[in-house]
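If you read the sequence from its start, that first residue is 1, and numbering goes on from there. Just so you know, these numbers use all the heavy atoms, side chains as well, and skip hydrogens, waters and symmetry mates.
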Amino acid sequence: MATVYTNIESNKRSTIVIVAVFISFVSVIAWFIGNYFFEGSGISFLSLALIFSGISSFVSYYYSDSIVLGISGAHEIKEVDNMYLYRLVENLCIGAGLPKPRIYMIDDTAMNAFATGRDPQHAVICFTTGIVDGLEKLELEGVIAHELSHIGNYDIRLMSIVSVLVGTVTLLADWFTRGVFYGGGRRRNNNDNSGSGIILILGIILVILSPIVAMLIQLAVSRKREYLADSSAALLTRYPKGLADALAKISSDKEILEAANGATAHLYITNPLKSGQGNFLSGLFNTHPDVNDRIKRLMEM
């Protein structure tokens, strides 16, 4: 029977496996491109791509919270503005052993929340007015515990690393495409024509599929971290039903959060864009696991 502890360990292991596969995938692409264009230069291509994507991710890593909060139209609230919410967050932070994050609010009746920030010392939890007004105390505690778990589990940092890998794959694929269409590639003798043709075909297939595969892996990591945050939240509150009931209420709310968009949707506790879930294909491209599955897992703990 699943428990809070087995769920936490299972999701941590799954994340490690997915990230390891991702790194291997990026390395294979770099090796292929390096060896296609210049003999034995796969590692050099990988290093160059990591540097380029790393620089852009470094900037977003340090300023993503300000950007996201600005896009969302969120404003910071102090203890005097909402003592009830402030105390709930503060008490759960004490239980989790985390510094109290800054609290922000989005004036929207849609029910949702998210956490951002590069580490627990620079963290933010943002709530919509709809979720604060619409949930009971134990349900809201479940949501807060979920977001604190994202902070404590360094999910923002992990997703930044994954974003670097996605950016690397995109750069490598783009370089390969340009090289093929502009006559790149190392010279081969006549005896190597057959092998060269096969490699070129494989390369074209790789170029077409690699950004899609990279995106799917990124989404898989995101979904696993949602499961982990659910389990960690249940461990913190010792009441899985609170979060399960909150997820049921949030998912039944059909109002679309106007402040959210495709770039920020993965941050929220449930998909704020209310895209369809349930079938295998849509599930692959979802930023969040199916809500019914999350509720089921929580109720089984």
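To the nearest 0.5 Å, the span separating CD on E147 from CD1 on I125 amounts to 6.5 Å. In this structure, the separation between CD1 on I67 and OG1 on T264 is 12.0 Å, given to the nearest 0.5 Å. For the atom pair OH of Y104 and OG of S72, the computed distance is 11.5 Å after rounding to the nearest 0.5 Å. In this structure, CG on L298 lies 4.5 Å from CE on M301, to the nearest 0.5 angstrom. To the nearest 0.5 angstrom, D290 atom CG is 11.0 Å from R223 atom CZ. Distance check: N82 CG to M105 CE gives 5.0 Å after rounding to the nearest 0.5 Å.
Applying the side-chain contact (heavy atoms from CB on, under 4.5 Å) criterion to S222, with sequence neighbours excluded, gives M159, H266. Qualifying side-chain contact (heavy atoms from CB on, under 4.5 Å) partners for K241, counting only residues two or more places apart in sequence or in other chains: Y239, D245, M299. Applying the side-chain contact (heavy atoms from CB on, under 4.5 Å) test to L98 and every residue at least two apart in sequence or in another chain returns A96, P120, L148. Considering only residues two or more places apart in sequence or on other chains, I256 meets the side-chain contact (heavy atoms from CB on, under 4.5 Å) condition with K274.
Between L219 and N286, every side-chain heavy-atom pair lies at or beyond the 4.5 Å cut-off. With contacts defined as side-chain heavy-atom distances shorter than 4.5 Å, the pair L247/I269 qualifies. Side-chain contact between D155 and L267 is absent, with no heavy-atom pair separated by less than 4.5 Å. Using a 4.5 Å cut-off on side-chain heavy atoms (C-beta onward), P101 and C93 make contact. In this structure the side chain of L243 never reaches within 4.5 angstrom of the side chain of T237, judged on heavy atoms. The side-chain heavy atoms of E76 and I103, taken from C-beta on, include no pair separated by under 4.5 Å. When side chains are defined from C-beta on, F127 counts as touching V89, because their heavy atoms get closer than 4.5 Å. Considering only heavy atoms from C-beta on, N153 comes within 4.5 Å of S232 through its side chain.
For the pair N91 (side chain) and L88 (backbone), a donor-acceptor distance under 3.5 Å is absent. Using a distance-only test at 3.5 Å, with no hydrogens or angles considered, no donor-acceptor pair links the side chain of R294 to the main chain of T270. Without hydrogens or angle criteria, N271 side chain to H288 main chain gives no donor-acceptor distance under 3.5 Å.
Listed by first and then second residue, the salt bridge (charged side-chain N to carboxylate O under 4.0 Å, His left out) pairs that reach into residues 87-107 are D65-R102, E79-R87, R87-E90, sequence neighbours excluded. Residues in residues 126-142 take part in these side-chain hydrogen bond (donor to acceptor under 3.5 Å, both in side chains) pairs, two or more places apart or across chains: E139-K249.
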Please report the C-alpha distance between Q218 and V221 in whole Å, then the side-chain angles of each, then the deciding distance to 0.1 Å, and finally whether the side chain to side chain contact (heavy atoms under 4.5 Å, CB included) criterion is met. CA-CA 5 Å; Q218 182 182 28; V221 173; 5.9 Å; no
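Paired with I131 under the rule side-chain contact (heavy atoms from CB on, under 4.5 Å), one option of T109, D108, I106, V143 passes, and it is V143.
What you find for G142 and A233 is that their closest heavy atoms are O-CB, 4.0 Å. Of all heavy-atom pairs between S251 and A248, the closest is OG-O, 3.0 Å. The two atoms that bring L92 and A145 nearest to each other are CD1-N, 4.1 Å, heavy atoms only. Contact detail for A246 and L135: the closest heavy-atom pair is CB-CD1, 4.0 Å.
By the 6.0 Å and 45° rule, R297 stacks over the aromatic ring of Y227.
Grouping the Ile, Leu, Val, Met, Phe, Trp and Tyr side chains by contacts below 4.5 angstrom, directly or via other members, places Y84 with M111. Linking Ile, Leu, Val, Met, Phe, Trp and Tyr residues whenever their side-chain heavy atoms come within less than 4.5 Å leaves V68 and Y154 in two separate clusters.
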